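Note sheet for the following structure.
Keep in mind the model is a prediction, meaning the values are calculated, not measured.
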Amino acid sequence: QVRLVESGGGLVQAGGSLRLSCAASGLTFRTYAMAWFRQGSGTERDFVAGISWTGSTTDYADSVKGRFTVSRDNAKRTVYLQMNSLKPEDAAVYYCAAHDGRTWNTGARQEEYDYWGQGTQVTVSS
């Protein structure tokens, strides 16, 4: 059974930082591209950042470029999202997702992702 478990969410003041983690099990992690999505209150789920199975290619939403960094540790089967300079508009439930690494490319649609985590809440106070 495939599981993606996010952690690291919480309450932070605007301008602060958080590091999200997503631990994977039940799949050959090193062959999957990974991504982070988020869904704020009353909004659609949007792409935040993605990373190829090798880690050599990353992709970011314009709204987070220069502030967020996605990385992965294949030995630990974990993908990370370092979030700096957080803004109130970054508040959302953050989800990680896994995509077959052989077919992933930047701009992959949400429907193409094979597995999803349950999400972790990020709250940013102004």
Shared hydrophobic cluster for Phe47 and Val93 (ILVMFWY, side-chain gaps under 4.5 Å): yes

Test item: Tyr80 and Arg72 side chains (from C-beta on) under 4.5 Å apart, heavy atoms: no

Euclidean distance, Ser7 OG relative to Arg19 CZ, rounded to 0.5 Å: 9.5 Å

Minimum side-chain heavy-atom gap Ile51-Thr57 below 4.5 Å: no

Pairwise side-chain contact, Asn74 with Trp53, heavy-atom cut-off 4.5 Å (strictly under): no

Gap separating the CG atom of Leu4 from the CG atom of Leu27, nearest 0.5 angstrom: 6.5 Å

Heavy-atom side-chain contact between Asp46 and Phe37 under 4.5 Å: no

Side chain Arg77, main chain Ala24, donor-acceptor under 3.5 Å: yes

hydrophobic_cluster_shared for Tyr95 and Met83, side chain cutoff 4.5 Å: no

Donor-acceptor contact present, side-chain Arg67 to main-chain Gln82, <3.5 Å: no

Side-chain touch Val70/Tyr60, heavy atoms, less than 4.5 angstrom: yes

Interatomic distance, Thr106 atom OG1 to Asp59 atom CG [nearest 0.5 angstrom]: 4.5 Å

Closest non-hydrogen atom pair between Phe68 and Val48, with its separation: CD2-CG1, 3.7 Å

Joint cluster assignment, Tyr94 & Val12, ILVMFWY side-chain distance < 4.5 Å: yes

Short side-chain to backbone donor-acceptor contact, Ser56 and Thr54, under 3.5 Å: no

Residue pair Ser17 / Asn84, side-chain donor-acceptor N/O under 3.5 Å: yes

Single-linkage hydrophobic cluster Val2~Met34, side-chain heavy atoms < 4.5 angstrom: yes

Contacts under 3.5 angstrom, residues 113-126 side chains, donor-acceptor by atom type, not counting sequence neighbours:
| from | atom 1 | to | atom 2 | distance (Å) |
| --- | --- | --- | --- | --- |
| Tyr113 | OH | Trp104 | NE1 | 3.0 |
| Asp114 | OD2 | Asp100 | N | 3.2 |
| Thr120 | OG1 | Gly9 | N | 3.2 |
| Gln121 | NE2 | Ala92 | O | 3.4 |

Polar side-chain atom of Thr28 near backbone of Arg30 as donor-acceptor pair, under 3.5 Å: no

Residues, nucleotides or ligands: over 12 heavy atoms within 6.0 Å of Glu111 CD: yes

Between OG1 on residue Thr58 and NZ on residue Lys65, distance to nearest 0.5 Å: 9.5 Å

Reported CD-to-CZ distance for the pair Glu44 and Arg38, which is rounded to 0.5 angstrom: 13.5 Å

Lys87 and Asp90 ion-paired at < 4.0 Å: no

Minimum side-chain heavy-atom gap Trp36-Val79 below 4.5 Å: yes

